[in-house]
A.B. asks: 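Below is a structure I'd like to ask you about.
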Amino acid sequence: MRCRTRAVPAVLLALTACSTGPSLENRGAVTASPGDSDHLTIGSAGFTESDLLAQMYAQLLTRAGYRTSILTVANRELYEPALESGQIDVVPEYAATFADWLGAKTHGAAAKPVGSPDLGATMKALRALAAPRGLTVLPPGRAVDQNAFAVTAGYARAHGLRTLGDLGAAKLKVRLAAGDECVARPYCAPGLKKVYGIDITGVDPKGVGTTQAKRAVQDGRDQMVLTTTTDATLDQFGLVLLADDRHLQNADYVVPVVNRSRAGSERVAKVLGKLNDVLTTEDLARLNQQVDSWRRLPADVARTYLTDKGLLK
């Protein structure tokens, strides 16, 4: 999830191949002092939301006196080692997803997932995995980008639905538009059945939050679509989210992750913490919409938002 394909600079490919931080054998307790470099490189994973977050990080850090640049590397297998080595200093990440990814990198693909709906437990596990790699995970903010499920507004009104619990209690038969992996993923069809008692009659493999998936629900061919909590285009299809009232989804709160030796200072944490205080899930959805639907540039959208919130003068 949250992966896009984009060309990666050759210099980064070359450097990450030979410079991925200290070997795990030499990593123990983190002893290096937190760094505060004058120039900070902010990484973006190459999709709209990541571009927006990277722009906000860069503009806030520039305002605080740092020289900044943004490097887009869509593949986590490349940008995470670059973060360890200090080629990238700051990256916006998602707590549960990144915790599970680091767990698999550290303990193998068969490692038990450590992300959970419990934010505190997820952050504890994430920080334990990140620290030996020279990474510091800053506090999460209010914004969260989780899997989410939407139905048409008319369907919700007709059946009195506001939550997934309501849908389970209604005993309706539901065909779900989603990625084909939804059939087996514990946070998708199996979880909807187990946690909510929703009668999922089938999965229509049209992808996660794609136009085709939303149209299938809009037209009544399917009853529900798998998307995300920051989906910017639901209104265009007459769709509304059903709340995850029993907390099936993991705590994928937005968290800044920094290279400790270059950007681990309290100063950096304080600057980025200002965004945590104001940025909400609803804000992210609106910002995504301005880029995806209104075709505004991420840098301009980020600047307007930060100015409106009083974070830029």
A.B. asks: According to side-chain contact (heavy atoms from CB on, under 4.5 Å), who are the partners of S37, at least two apart in sequence or on a separate chain?
C.D. replies: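 For S37, the residues satisfying side-chain contact (heavy atoms from CB on, under 4.5 Å) (neighbours in sequence not counted) are L40, R262.
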
A.B. asks: Taking side chain to side chain donor-acceptor pair (under 3.5 Å) as the test, write out the residues that go with Q289, two or more places apart.
C.D. replies: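 Applying side chain to side chain donor-acceptor pair (under 3.5 Å) to Q289 gives none.
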
A.B. asks: Examine V301 and L53 and state if one hydrophobic cluster contains both, with Ile, Leu, Val, Met, Phe, Trp and Tyr joined whenever side-chain heavy atoms are less than 4.5 Å apart.
C.D. replies: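 In one cluster with V301: L53, yes.
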
A.B. asks: Applying disulfide (SG to SG under 2.5 Å), which residue pairs with at least one partner in residues 86-182 are found, sequence neighbours left out?
C.D. replies: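 Counting only pairs at least two positions apart or across chains, the disulfide (SG to SG under 2.5 Å) contacts touching residues 86-182 are C182-C188.
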
A.B. asks: Taking everything shown except R162 itself, do over 12 heavy atoms lie less than 6.0 Å from its CZ?
C.D. replies: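 No.
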
A.B. asks: What do you reckon, is CZ of R127 surrounded by more than 12 foreign heavy atoms closer than 6.0 Å?
C.D. replies: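 Atom CZ in R127 is packed in, count exceeds 12.
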
A.B. asks: side-chain contact (heavy atoms from CB on, under 4.5 Å) with Q249: which residues, sequence neighbours excluded?
C.D. replies: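 Partners of Q249 under the side-chain contact (heavy atoms from CB on, under 4.5 Å) test: Q146, N147, F149, Y187, D244.
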
A.B. asks: Using the side chain to side chain donor-acceptor pair (under 3.5 Å) criterion, which residues pair with R142? Sequence neighbours excluded.
C.D. replies: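 Scan of R142 (side chain to side chain donor-acceptor pair (under 3.5 Å), adjacent residues dropped) gives none.
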
A.B. asks: Does either side chain, that of Q223 or that of R175, offer a donor lying less than 3.5 Å from an acceptor on the other one?
C.D. replies: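 Absent: no donor and acceptor within the cut-off.
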
A.B. asks: Verify whether one side chain among D36 and Y66 offers a donor that lies under 3.5 Å from an acceptor in the other.
C.D. replies: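 The answer is yes; a qualifying pair exists.
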
A.B. asks: List in chain and number order the residues that pass side-chain contact (heavy atoms from CB on, under 4.5 Å) with T48, two or more places apart in sequence or in another chain; answer none if no residue qualifies.
C.D. replies: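 With sequence neighbours excluded, T48 shows a side-chain contact (heavy atoms from CB on, under 4.5 Å) to L52, N288, V291, D292, given in chain and number order.
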
A.B. asks: State, without any angle test, whether T229 and T281 hold a side-chain donor-acceptor pair at a distance under 3.5 Å.
C.D. replies: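 Their side chains do not contain a donor-acceptor pair, so the 3.5 Å distance test is not met.
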
A.B. asks: Could you go step by step and tell me if T97 and D252 meet the side-chain hydrogen bond (donor to acceptor under 3.5 Å, both in side chains) rule?
C.D. replies: CA-CA 6 Å; T97 295; D252 258 331; 2.7 Å; yes

A.B. asks: Taking only residues two or more places apart in sequence or in another chain, which ones pass salt bridge (Lys or Arg N to Asp or Glu O under 4.0 Å) with D118?
C.D. replies: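 By the salt bridge (Lys or Arg N to Asp or Glu O under 4.0 Å) rule, D118 matches no residue at all.
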
A.B. asks: Go through the side-chain N and O atoms of D231 and T228 and say whether any donor and acceptor fall under 3.5 Å apart.
C.D. replies: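 No, T228 and D231 have no side-chain donor paired with an acceptor closer than 3.5 Å.
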
A.B. asks: A302 and M56: which non-hydrogen atoms are nearest, and at how many Å?
C.D. replies: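 For A302 and M56, the tightest heavy-atom pair comes out as CB-CG, 3.5 Å.
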
A.B. asks: I want to check something: taking the side chain as every heavy atom from C-beta on, are L119 and V144 in contact at a cut-off of under 4.5 Å?
C.D. replies: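 Side chain of L119 against side chain of V144, heavy atoms only: no contact under 4.5 Å found.
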
A.B. asks: State plainly whether the residues D277 and K274 are in salt-bridge range, i.e. N to O under 4.0 Å.
C.D. replies: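 No salt bridge links D277 with K274.
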
A.B. asks: Which pairs pass salt bridge (charged side-chain N to carboxylate O under 4.0 Å, His left out) with one or both residues in residues 177-201, sequence neighbours excluded?
C.D. replies: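 Sorted result for residues 177-201: K173-D199.
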
A.B. asks: Does the distance from a Lys or Arg side-chain N to an Asp or Glu carboxylate O, for E80 and K105, drop under 4.0 Å?
C.D. replies: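 Judged by the 4.0 Å cut-off on N to carboxylate O distance, E80 and K105 do form a salt bridge.
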
A.B. asks: Assess the side chains of S293 and Q236: does a donor N or O sit below 3.5 Å from an acceptor N or O?
C.D. replies: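 Yes - a donor-acceptor pair under 3.5 Å links their side chains.
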
A.B. asks: My understanding is that only residues two or more places apart in sequence, or in another chain, count here; which of them pass salt bridge (Lys or Arg N to Asp or Glu O under 4.0 Å) with R157?
C.D. replies: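 For R157 there are no salt bridge (Lys or Arg N to Asp or Glu O under 4.0 Å) partners, ignoring immediate neighbours.
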
A.B. asks: E93 pairs by side-chain hydrogen bond (donor to acceptor under 3.5 Å, both in side chains) with which of W101, Y253, Y79?
C.D. replies: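 Checked W101, Y253, Y79 against E93; only one passes side-chain hydrogen bond (donor to acceptor under 3.5 Å, both in side chains): Y79.
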
A.B. asks: Have T106 and R133 got a donor and an acceptor in their side chains that come within less than 3.5 Å?
C.D. replies: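 Side-chain D/A pair, T106 to R133: present.
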
A.B. asks: List the residues meeting side chain to side chain donor-acceptor pair (under 3.5 Å) with T210, not counting sequence neighbours, and say none if there are none.
C.D. replies: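 For T210, no residue satisfies side chain to side chain donor-acceptor pair (under 3.5 Å) once neighbours in sequence are set aside.
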
A.B. asks: Can you measure from CD1 (I200) to CG (L172) and round to the nearest 0.5 angstrom?
C.D. replies: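 Between atom CD1 of I200 and atom CG of L172 there are 10.5 Å.
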
A.B. asks: Could you work out, with side-chain contact (heavy atoms from CB on, under 4.5 Å) as the rule, every residue matching V278, not counting sequence neighbours?
C.D. replies: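 Only L275, Y305, K309, L311 meet the side-chain contact (heavy atoms from CB on, under 4.5 Å) criterion with V278.
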
A.B. asks: With side chains defined as the heavy atoms from C-beta onward, is the minimum distance between M123 and V137 less than 4.5 Å?
C.D. replies: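 Result yes, sub-4.5 Å side-chain heavy-atom pair found.
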
A.B. asks: Can you name the residues that form a side chain to side chain donor-acceptor pair (under 3.5 Å) with D204, not counting sequence neighbours?
C.D. replies: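 D204 satisfies side chain to side chain donor-acceptor pair (under 3.5 Å) with K206 once adjacent residues are dropped.
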
A.B. asks: For the CG atom on D219, are there more than 12 heavy atoms of other groups (residues, nucleotides or ligands in this structure) within a distance under 6.0 Å?
C.D. replies: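 Yes.
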
A.B. asks: State, with a plain yes or no, whether a side-chain heavy atom of L138 is found less than 4.5 Å away from one of V90.
C.D. replies: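 SC-SC contact between L138 and V90 ruled out.
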
